[in-house]
Amino acid sequence: MKVVLRTDASLEIGAGHVYRCLTLADTLRSQGAECHFICREHPGSLLAFIRQRGYPAYSLDLPVADEAVAGALTHAHWLGVSQEQDALDCAPLLQRLRPDWLVVDHYGLDAYWESALRAHYSRLLVIDDLADRAHQCDLLLDQNLGRTAKAYLGQVPDRCTVLAGPQFALLRPEFAQLRGYSLQRRERLGSVQQILVSMGGVDRPNATAAILRTLSDCSLPEGCQVKVVMGATAPWVDRVRALLQELPFTAELLVNVSDMARLMADSDLAVGAAGGSSWERCCLGLPTLLATLADNQLSGARALDQAGAARWVGGAADIPRKLAPAFADVSAALTSYSQGAAAICDGVGAERVAAYMLESA
């Protein structure tokens with residue numbers, strides 16, 4: 001089976017779309033599928049990283065921005081060009097590759113693009129979080145908590161199968177492998193000894209610095225350590241590294257980590273962004289203080305908060321005011337939050353999605 005994945009990463013949109021597509025590609029490749037990526041070359045595109053993972057990755061040029069045109073385009077800030085232009089750029093590649101499945105994970109693409117390229121692929125999987133536009137797909141995946149197929153009524157064809165909810169979250173296999181260990185160690189956890197701070201691969205508002213400054217005012221247990229994870233393309237890495245020298249607690253900066261599952265499993269509390277990593281933390285039962293860095297994270301953050309799986313502290317601007325009291329509350333109820341998180345996601349969603357694709361090819 002041949003699969004082509006159309007997705008992007010950039011300093012503006014972050015890295016989450018590419019990372020979850022890589023997880024799906026890894027799962028499909030382990031079952032014998034041949035996977036290719038098509039990405040536009042935005043700053044922070046991760047094209048080199050995709051190739052390092054062993055996948056052919058085809059680059060689409062990023063043209064000089066035309067503000068007059070861009071302002072008239074739906075979701076243009078996600079794509080960088082019109083959907084028509086993107087389809088024209090992708091057509092020769094898809095015509096040559098002729099995939100059994102085309103996978104699209106991109107807020108800037110919808111039914112227009114999908115229909116324009118329909119002659120060049122057999123089946124289409126759309127990965128979405130927003131439920132705000134029409135798609136011409138055979139399979140749709142929305143891994144948000146509380147999302148159901150009803151959200152896509154009238155937006156997808158009747159033939160389309162909708163896989164909705166965190167049970168389909170695209171997590172790397174190491175999270176499911178460490179789930180038992182992580183949940184078991186939390187059964188005997190007394191206090192917070194390790195805090196994980198991870199605000200995504202980019203963290204444009206530098207929420208990381210606000211979190212670290214606020215933790216300085218919290219009553220951290222004696223000997224508590226803080227692990228700070230950032231992506232190599234994050235614009236504030238150097239400033240955060242300098243800030244660590246001023247903190248009254250022990251903190252370590254880790255850039256482009258390869259053992260995130262182990263870090264989460266060994267941490268007692270996380271402060272994290274309410275994106276795709278939410279499901280990783282849930283799989284491992286990691287109590288979390290959530291901050292939303294984009295509007296598309298709001299519904300997931302609210303749902304996790306209402307389910308008792310995490311505590312939402314608001315956006316980046318709310319951190320100085322809301323983080324400290326939330327830290328005190330969650331630290332006193334670690335077991336409850338761990339159990340609430342663990343009930344959300346078991347970590348084998350990628351296998352479920354891949355199995356459906358393989359059976360339907």
Q. Taking the side chain as C-beta and beyond, is there a heavy-atom pair between L46 and C39 under 4.5 Å?
A. no
Q) Can you get from L284 to L269 by hopping between Ile, Leu, Val, Met, Phe, Trp and Tyr side chains that sit under 4.5 Å apart? A) no
Q: Just jot down the ring-ring contact (aromatic ring centres under 6.0 Å, His included) partners of Y55, sequence neighbours excluded, or say none.
A: F37
Q. Are the side chain of S10 and the backbone of P43 linked by a donor-acceptor contact shorter than 3.5 Å?
A. no
Q: For Q184 and G180, indicate whether the former's side chain and the latter's backbone hold a donor-acceptor pair under 3.5 Å.
A: no
Q.
Just to verify, what does R204 make a side chain to side chain contact (heavy atoms under 4.5 Å, CB included) with, not counting sequence neighbours?
A. L11, E12, V202
Q. Would you call the rings of Y107 and W78 parallel, tilted or perpendicular if under 30° counts as parallel and over 60° as perpendicular?
A. perpendicular
Q: Using the side chain to side chain donor-acceptor pair (under 3.5 Å) rule, collect all pairs that involve residues 209-230, keeping only residues at least two apart or in two chains.
A: K227-E252
Q | With sequence neighbours excluded, residues passing salt bridge (Lys or Arg N to Asp or Glu O under 4.0 Å) with R239 | A | none
(Q) How close do A301 and A274 get, counting heavy atoms only, and between which atoms? (A) CB-CB, 3.8 Å
Q) Considering only heavy atoms from C-beta outward, does the side chain of V353 approach that of L24 to under 4.5 Å? A) yes
Q. Say you draw a straight line from CG of L298 to OG1 of T292; how long is it, rounded to the nearest 0.5 Å?
A. 5.0 Å
Q.
Under 6.0 Å from the ring centre and within 45 degrees of the ring axis: does the NZ or CZ of R262 meet both conditions for the six-membered ring of Y181?
A. yes
Q | Which residues share a salt bridge (Lys or Arg N to Asp or Glu O under 4.0 Å) with E174, sequence neighbours left out | A | R172
**Q.** For R98, all residues meeting side-chain hydrogen bond (donor to acceptor under 3.5 Å, both in side chains), sequence neighbours excluded
**A.** none
Q: Determine whether L145 and W279 make a side-chain contact, defined as any pair of heavy atoms from C-beta on separated by less than 4.5 Å.
A: yes
Q) Do S115 side-chain atoms and Y112 backbone N/O form a donor-acceptor pair below 3.5 Å? A) no
(Q) For a 4.5 angstrom cut-off between non-hydrogen side-chain atoms, does V348 reach Q167? (A) no
**Q.** Side-chain heavy atoms of V126 within contact of L139, under 4.5 Å
**A.** no
**Q.** T288 (side chain) donor-acceptor with L286 (main chain) under 3.5 angstrom
**A.** yes
Q: Let me know which of R186, R185, R179 forms a side chain to side chain donor-acceptor pair (under 3.5 Å) with S182.
A: R186
(Q) Donor-acceptor pair, distance only, cut-off 3.5 Å: does the side chain of D203 make one with the backbone of N206? (A) yes
Q. Looking only at atom types and distance, does a side-chain atom of S30 sit under 3.5 Å from a main-chain N or O of T27, one as donor and one as acceptor?
A. yes
Q: Mind checking side-chain hydrogen bond (donor to acceptor under 3.5 Å, both in side chains) for D142 and listing every partner two or more places apart, or none if nothing turns up?
A: N144, R147, Y152
Q: Look at the side chain of R51 and the backbone N and O of A57, then say whether any donor-acceptor pair between them is shorter than 3.5 Å.
A: yes
Q) Nearest 0.5 Å, what's the CG-CD distance between D8 and E41? A) 10.5 Å
Q. Tell me, do V313 and L290 make a side-chain contact under 4.5 Å, heavy atoms counted?
A. no
Q.
Between N256 (side chain only) and A232 (backbone N and O only), is there a donor and an acceptor less than 3.5 Å apart?
A. yes
Q) Would a 4.5 Å heavy-atom cut-off, applied to side chains only, mark M199 and I211 as touching? A) yes
Q: May I ask you to test the V226-L212 pair for a side-chain heavy-atom distance under 4.5 Å?
A: yes
Q. Counting N and O atoms only, with roles assigned by atom type, does the side chain of S82 sit under 3.5 Å from a partner on the main chain of Q85, one being a donor and the other an acceptor?
A. yes
Q) Looking only at heavy atoms, what is the nearest atom pair of D305 and W312, with distance? A) OD2-N, 2.8 Å
Q: For D138 and R159, run salt bridge (charged side-chain N to carboxylate O under 4.0 Å, His left out): C-alpha distance rounded to whole Å, both residues' side-chain angles, the deciding distance at 0.1 Å, then the answer.
A: CA-CA 7 Å; D138 303 284; R159 71 175 187 279; 3.0 Å; yes
**Q.** Spatial distance of atom CD (Q136) from atom CZ (R118) [nearest 0.5 Å]
**A.** 7.5 Å
Q) How would you list, by chain and number, every residue that makes a side-chain hydrogen bond (donor to acceptor under 3.5 Å, both in side chains) with D86, sequence neighbours excluded? A) R6, R40, W113
Q) side-chain hydrogen bond (donor to acceptor under 3.5 Å, both in side chains) with D329: which residues, sequence neighbours excluded? A) R311
Q | Short side-chain to backbone donor-acceptor contact, H42 and G44, under 3.5 Å | A | no
(Q) Using a strict threshold of under 4.0 Å (side-chain N to carboxylate O), is an ion pair present between D268 and R188? (A) no
Q. Please walk me through it: do T208 and V271 pass side chain to side chain contact (heavy atoms under 4.5 Å, CB included)?
A. CA-CA 9 Å; T208 301; V271 187; over 6 Å; no
Q.
Let me confirm one number: the OH-CZ distance from Y356 to F168, rounded to the nearest 0.5 Å.
A. 10.5 Å
**Q.** Nearest-0.5 Å distance, CD of residue Q194 to CE of residue M264
**A.** 12.0 Å
Q) Which residues pass the salt bridge (Lys or Arg N to Asp or Glu O under 4.0 Å) test with D129, sequence neighbours left out? A) R20
Q: To the nearest 0.5 angstrom, please state how far the CD atom of Q83 sits from the SG atom of C90.
A: 11.0 Å
Q. With sequence neighbours excluded, what pairs up with F327 under the ring-ring contact (aromatic ring centres under 6.0 Å, His included) test?
A. none
Q) Among all residues two or more places apart in sequence or in another chain, which pass the salt bridge (Lys or Arg N to Asp or Glu O under 4.0 Å) test with R302? A) none
